[in-house]
Protein chains: 2
Amino acid sequence: MNNFKEKKVITIGTVSELTGLSERQIRYYEERKLISPERTKGGTRKYSFEDVEKLVLISEKMDKGMGTFEIRKEDKKAKQKDLHEMLKGQINAAFHIRK
Amino acid sequence: MNNFKEKKVITIGTVSELTGLSERQIRYYEERKLISPERTKGGTRKYSFEDVEKLVLISEKMDKGMGTFEIRKEDKKAKQKDLHEMLKGQINAAFHIRK
DNA sequence: CGTGTAAGGAATTCTGACACG
DNA sequence: CGTGTAAGGAATTCTGACACG
């Protein structure tokens, strides 16, 4: 019940205000697979606070001259690292249970 | 930076989905001073996750046959209690600093 | 009192495209 | 490549009112 940050509930206009990015930029970053908003039945995009945070990071990287392709690559690496940590944790847990 | 729950960013349609209440009900509870959404420049209402939680509680109380007036009274009492606790805490703190 | 609804208008968002570079 | 913009349409929201009870 406490995953507010991950709930997709914010419309693009509000995201634009929160991040300082234009709606055009936000939609473009979606096209480049950097974020994945949900949609209402009518087709309106809905973002989470997590998306907003991601967008701020993306914005900073773009300012540094990084391209969307590299940003996506970095993002993937980060996710794999997370997955790695998770698996490590589970393996450890299993190990401790066994002994 | 971590007050997601209090940020007014959700539109009424989404709040309706999250709570199961009709937009009519949500607007009416505002009229009865049970919640206080913000507005965009254009006049669109924006709610926080906190508002959503409040609405769920309100909904339960309405189901029990409670009226909006009593609900508002209860809400006020709760707030005064919170304030009381807070002051008590500060007085305590001040006391401990003095001795 | 609390809520549904039809009405008309305004604000918001959407897509595909052209432009610049 | 990344972003601005004008274009036309569709989805969303708004208010004030009438209805029922």
Side-chain angles (χ1 to χ4, degrees), chain A residues 7-76, chain B residues 7-76:
Chain A
K7 281 218 167 158
K8 310 270 188 176
V9 297
I10 316 176
T11 52
I12 197 165
T14 305
V15 173
S16 173
E17 280 193 352
L18 291 174
T19 61
L21 295 167
S22 70
E23 302 186 4
R24 179 68 165 99
Q25 289 174 306
I26 297 169
R27 293 197 191 98
Y28 180 67
Y29 297 152
E30 174 184 0
E31 190 184 318
R32 300 311 317 273
K33 309 281 184 188
L34 300 180
I35 45 172
S36 303
E38 288 181 0
R39 298 273 188 149
T40 64
K41 326 87 225 158
T44 303
R45 273 170 264 250
K46 296 284 186 178
Y47 303 82
S48 66
F49 279 112
E50 211 171 49
D51 291 328
V52 171
E53 292 186 334
K54 263 190 202 171
L55 283 168
V56 172
L57 294 178
I58 291 168
S59 172
E60 289 169 0
K61 290 178 184 175
M62 293 294 288
D63 285 347
K64 285 187 198 161
M66 207 176 292
T68 56
F69 186 74
E70 304 159 71
I71 295 177
R72 180 164 67 250
K73 247 182 11 187
E74 264 198 18
D75 200 47
K76 256 189 191 155
Chain B
K7 281 216 169 159
K8 310 271 187 177
V9 295
I10 317 175
T11 52
I12 197 165
T14 305
V15 172
S16 173
E17 281 193 352
L18 292 174
T19 61
L21 295 168
S22 69
E23 303 186 4
R24 179 67 164 98
Q25 289 175 305
I26 297 169
R27 294 197 191 98
Y28 180 67
Y29 298 153
E30 174 185 1
E31 191 184 317
R32 300 312 316 275
K33 309 281 183 189
L34 300 180
I35 46 173
S36 304
E38 287 180 0
R39 299 273 187 149
T40 65
K41 323 89 224 158
T44 303
R45 273 169 264 249
K46 297 284 187 179
Y47 302 83
S48 66
F49 279 112
E50 212 171 48
D51 290 328
V52 171
E53 292 185 334
K54 262 190 204 173
L55 283 169
V56 171
L57 294 178
I58 290 169
S59 172
E60 289 168 0
K61 289 178 185 176
M62 293 294 286
D63 285 346
K64 286 188 198 160
M66 207 175 291
T68 57
F69 186 75
E70 304 159 69
I71 296 177
R72 180 165 65 249
K73 244 180 18 185
E74 263 198 21
D75 200 48
K76 256 190 191 153

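None of these values were measured; they are calculated from a predicted model. A, B, ... follow the sequence lines: proteins, then strands. Residue 1 opens every chain. Basis for what follows: all heavy atoms, side chains included, without hydrogens, waters or symmetry-related copies.
Dashed line: the shortest gap from a side-chain N or O of Thr11(B) to OP1 or OP2 of dT13(D) is under 4.0 Å.
The stretch residues 40-48 of chain B touches DNA chain D through Gly43(B), Thr44(B), Arg45(B), each having a heavy atom under 4.0 angstrom from the strand. For the segment residues 21-34 of chain B, the set of residues with a heavy atom within less than 4.0 Å of an atom of DNA chain C comprises Ser22(B), Arg24(B), Gln25(B), Tyr28(B), Tyr29(B), Arg32(B), in numerical order.
With a 4.5 Å cut-off on side-chain heavy atoms, Tyr29(B) and Lys54(B) do not count as touching. Residues Thr14(B) and Tyr47(B) fail the side-chain proximity criterion, which asks for heavy atoms closer than 4.5 Å.
Evaluation of the side chain to side chain contact (heavy atoms under 4.5 Å, CB included) rule for Thr44(A) yields Thr11(A), Thr40(A) as partners, not counting sequence neighbours. Not counting sequence neighbours, the partners of Glu70(B) by the side chain to side chain contact (heavy atoms under 4.5 Å, CB included) test are Met66(B). Ser22(B) pairs by the side-chain hydrogen bond (donor to acceptor under 3.5 Å, both in side chains) definition with Gln25(B), not counting sequence neighbours. With sequence neighbours left out, Glu23(B) forms a side chain to side chain contact (heavy atoms under 4.5 Å, CB included) with Ile12(B), Ser16(B), Arg27(B). Every residue meeting the salt bridge (Lys or Arg N to Asp or Glu O under 4.0 Å) condition with Glu74(B), not counting sequence neighbours, appears here in chain and number order: Lys61(B). Residues satisfying the salt bridge (Lys or Arg N to Asp or Glu O under 4.0 Å) test with Lys64(B), not counting sequence neighbours, are none. For Ser48(B), the side chain to side chain contact (heavy atoms under 4.5 Å, CB included) test picks out Lys8(B), Glu50(B), Asp51(B), with sequence neighbours left out. Not a single side-chain hydrogen bond (donor to acceptor under 3.5 Å, both in side chains) links Thr19(A) to another residue, sequence neighbours left out.
The distance between atom CZ of Phe69(B) and atom P of dG2(C), rounded to the nearest whole Å, is 11 Å. Between the CD1 atom of Ile12(A) and the C1' atom of dT3(D) there is a distance of 13 Å, rounded to whole Å. In this structure, Ile58(B) places its CD1 atom 15 Å from C1' of dT3(C), rounding to the nearest Å.
With a cut-off of 3.5 Å on both pairing distances, the Watson-Crick and G-U wobble pairs of DNA chain C assemble into stems of 3 or more at C:2-5 with D:17-20, C:17-20 with D:2-5.
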Under 3.5 Å, which donor-acceptor pairs do the side chains of residues 31-38 of chain B form with other protein atoms, sequence neighbours left out?
unit_1	atom_1	unit_2	atom_2	d
Arg32(B)	NH1	Thr68(B)	OG1	2.7

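Listed nucleotides dC14(C), dG2(C), dG2(D) differ in distance to Met62(A); the shortest reach to its side chain belongs to dG2(D).
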